[in-house]
Every structure is written in C-alpha cells, then in structure tokens.
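Heads up: numbering here begins at 1 and tracks the sequence. As the structure is a prediction and not an experimental result, all values here were calculated from the model.
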Amino acid sequence: MREESGARINISEGSCPERIVTITGPTDAIFKAFSMIALKFEEDINTSMTNSTVTSKPPVTLRLVVPASQCGSLIGKGGSKIKEIRESTGAQVQVAGDMLPNSTERAVTISGTPDAIIQCVKQICVVMLESPPKGATIPYRPKPASAPIIFAGGQAFTIQGQYAIPHPDLTKLHQLAMQHPPFTPLGQTTPGFPGLDATTPTSSHELTIPNDLIGCIIGRQGSKINEIRQMSGAQIKIANATEGSAERQVTITGSPANISLAQYLINASIYFLKSECLGDAMQSMVHA
C-alpha cells in the first residue's frame with residue numbers, strides 16, 4: 001500500500017482493542033491509500049460471507065479520528081454540511097458527541113461502499129483544510145483493555161477485531177451463574193458456586209472504565225456493584241474520580257475464577273447499556 005499509494009502509512013503498536021493508522025503525504029496519495037484500505041476491508045467482508053448464512057452484505061466501515069475543534073465545521077450550521085456530504089457521496093457519516101478518552105479528538109464513523117467512502121474522505125479533508133484545528137490537540141492513544149464479552153446460544157465469546165472467539169472458561173462461569181441465585185444467604189461471604197474455591201490464592205486485576213459508563217456498574221445507590229460482588233465473590237473497589245481524567249480505575253481482587261466472573265459481569269453491564277443506547281439512538285434516527 002505504501003509503494004502503490006506513495007503515502008506514509010504507520011500503525012500504532014500495542015496489544016490494544018484499537019490501533020491508530022496514520023496516513024501522511026500529498027492529498028492524492030492519501031486518497032489512494034484510503035481507497036486501498038477500503039477495498040481491503042470489502043475483500044475481508046466478502047471472504048467472511050463465503051460460508052455465512054447472512055444474506056445482506058454489511059457496509060465497509062472506517063472510523064476517522066478528528067480534532068474536536070474541527071468537528072463543528074464538519075457538521076455545519078444545523079447539520080447542513082454533514083447532510084450535504086451524506087447526500088453527495090451516499091456514505092453514512094456519524095460524528096461522535098463525546099471526545100475520545102484522554103484526548104481532544106472525536107471519532108467520525110463512515111460507512112458505505114469503498115467508492116462512497118473515498119469520496120466522503122475527500123470532502124472531509126477539504127473541510128479540515130479550510131478550517132484548521134484551534135488550539136493544541138491532545139491525540140487519542142488507545143489503551144490495552146479487556147476484550148468485551150458477549151453471550152449467544154449459552155456460549156461465551158470474547159470480541160477480537162471483527163471476530164467472536166469462543167471462551168470455554170467463561171462459558172462455564174456463565175452457566176454456573178445462571179444455575180445459582182445471584183444473592184448469597186445472609187452471613188455467607190462468597191457465593192456457593194461450584195469451582196469458585198475460597199482457598200484458591202488471591203490476586204488482583206485492574207480495569208479502566210470511562211466515567212460515562214461507571215454508573216451502569218455502580219447502579220442506583222450501589223445496587224449493581226453489590227450484586228456483582230455477591231455473584232462473583234470478588235472484592236471490587238472503584239477509585240474516586242480524578243480531576244481532568246475521563247476514566248476511573250476499578251480493582252478486582254479474588255481467585256482467578258472470582259476475577260473472571262466479576263469481569264464478565266462488569267463487561268455484561270457495559271454491553272447491555274451500550275445496546276440500550278444504540279437502540280435509543282436508532283429510535284431517535286427513525287423519528288428524525
């Protein structure tokens with residue numbers, strides 16, 4: 001791609017759920033690189049559908065990282081500019097309302113055919129050239145995080161990129177959780193789940209949770225976090241909010257099985273909240 005496009009293409013390092021691809025060079029070289037990336041994504045979608053029962057082909061999706069100070073120009077007065085871009089290119093464009101963690105940048109998601117995406121990128125680049133960023137930009141740097149977990153057909157899967165990887169250990173924990181009541185008898189400090197042995201050596205695991213999602217883990221008056229503690233048998237501490245930080249530190253202590261179940265319950269809480277938000281957003285789009 002570098003040789004054919006003439007652009008510099010760098011991919012950030014690290015075992016993160018997301019990685020930043022930075023494309024630098026003349027405008028034509030950048031568009032060529034974006035075109036090649038979009039075509040590669042479409043190729044992957046076609047390959048994944050070869051033995052799939054899915055009949056509708058999903059669109060190619062790219063997520064751009066844009067300084068928040070330029071997003072107003074991209075949206076335009078009353079949404080006029082983003083509407084114009086959508087109509088002229090045929091691509092779907094969504095500008096995130098919140099800034100990415102620990103940065104002054106926002107995500108702009110583009111979906112459509114490879115040709116629609118490249119035309120959309122061209123128009124976005126024109127807007128960004130006409131309206132340079134204001135002030136200093138703090139770039140988004142993805143952090144390592146636990147893979148999100150979903151459950152389907154009684155099986156647990158961790159999400160890695162575009163793929164769901166079966167996770168037999170968490171499947172067993174999920175099945176145990178479904179077979180036993182969520183609350184322990186009065187006076188019992190750990191749930192009576194078979195396999196969650198209180199004599200197993202304890203360890204600690206830390207998670208970082210965005211501030212805007214911490215409420216779904218704590219629950220009303222601490223009801224959700226107490227339920228997660230009781231179901232998992234793990235000790236869970238949530239650090240106080242730090243001024244200027246967009247995240248909160250969560251420390252889970254217990255046996256490996258306790259920690260795994262606590263992680264599942266926390267991820268599940270976040271997953272269901274995001275699903276509800278997506279449903280609300282889709283409903284709003286329908287009404288709009």
Side-chain angles (χ1 to χ4, degrees), residues 12-19 100-103 140-151 156-160 164-274:
S12 64
E13 298 181 357
S15 55
C16 299
E18 299 175 315
R19 295 170 72 176
L100 291 160
N102 302 314
S103 77
Y140 171 55
R141 294 287 183 264
K143 289 185 177 180
S146 299
I149 302 167
I150 62 171
F151 288 86
F157 300 86
T158 55
I159 305 303
Q160 297 179 17
I165 310 300
H167 201 306
D169 292 338
L170 286 180
T171 297
K172 292 176 184 176
L173 287 169
H174 175 59
Q175 291 169 348
L176 288 171
M178 294 300 99
Q179 292 168 6
H180 292 264
F183 297 103
T184 58
L186 189 63
Q188 184 176 327
T189 56
T190 57
F193 292 163
L196 299 187
D197 188 353
T199 62
T200 304
T202 62
S203 59
S204 293
H205 183 80
E206 292 188 345
L207 300 172
T208 52
I209 305 294
N211 288 336
D212 57 351
L213 296 178
I214 202 72
C216 69
I217 297 172
I218 297 173
R220 182 173 295 179
Q221 297 181 338
S223 59
K224 175 56 68 174
I225 193 66
N226 286 334
E227 180 182 335
I228 293 173
R229 286 174 180 140
Q230 291 178 351
M231 288 185 69
S232 66
Q235 296 180 29
I236 305 173
K237 293 183 179 180
I238 300 176
N240 294 328
T242 304
E243 186 175 352
S245 175
E247 297 177 321
R248 300 271 288 275
Q249 198 77 21
V250 177
T251 304
I252 307 171
T253 305
S255 69
N258 295 142
I259 292 172
S260 293
L261 184 52
Q263 281 185 275
Y264 151 61
L265 294 169
I266 289 171
N267 277 316
S269 297
I270 294 172
Y271 173 75
F272 287 124
L273 174 70
K274 286 184 175 180

Visitor: Ile228 and Ala262: which non-hydrogen atoms are nearest, and at how many Å?
Guide: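 Heavy atoms of Ile228 and Ala262 come nearest at CG2-O, 4.2 Å.
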Visitor: Are the side chains of Asn102 and Arg141 in contact, using a 4.5 Å heavy-atom criterion?
Guide: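 Answer no - side chains too far apart.
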Visitor: I need the Ile236 CD1 to Thr253 OG1 distance, nearest 0.5 Å.
Guide: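 Between atom CD1 of Ile236 and atom OG1 of Thr253 there are 9.0 Å.
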Visitor: Quick one: pull up CD1 in Ile238 and CD1 in Ile225 and give me the separation to the nearest 0.5 Å.
Guide: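 Here the rounded value is 4.0 Å.
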Visitor: Quick check for you: to the nearest 0.5 Å, what is the distance between Ile259 atom CD1 and Leu207 atom CG?
Guide: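 Here the rounded value is 9.5 Å.
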Visitor: Let me confirm one number: the CG-CD1 distance from Asn226 to Ile218, rounded to the nearest 0.5 Å.
Guide: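 One finds 10.5 Å between CG of Asn226 and CD1 of Ile218.
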Visitor: Is there a donor-acceptor contact under 3.5 Å from the side chain of Arg248 to the main chain of Asn211?
Guide: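 No, Arg248 side chain to Asn211 backbone: no donor-acceptor pair under 3.5 Å.
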Visitor: Closest heavy-atom contact between Gln263 and His205?
Guide: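 Scanning both residues, the minimum pair turns out to be NE2-NE2, 3.4 Å.
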Visitor: List in chain and number order the residues that pass side-chain contact (heavy atoms from CB on, under 4.5 Å) with Gln249, two or more places apart in sequence or in another chain; answer none if no residue qualifies.
Guide: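 Residues passing side-chain contact (heavy atoms from CB on, under 4.5 Å) with Gln249: Glu206, Thr208, Ala239.
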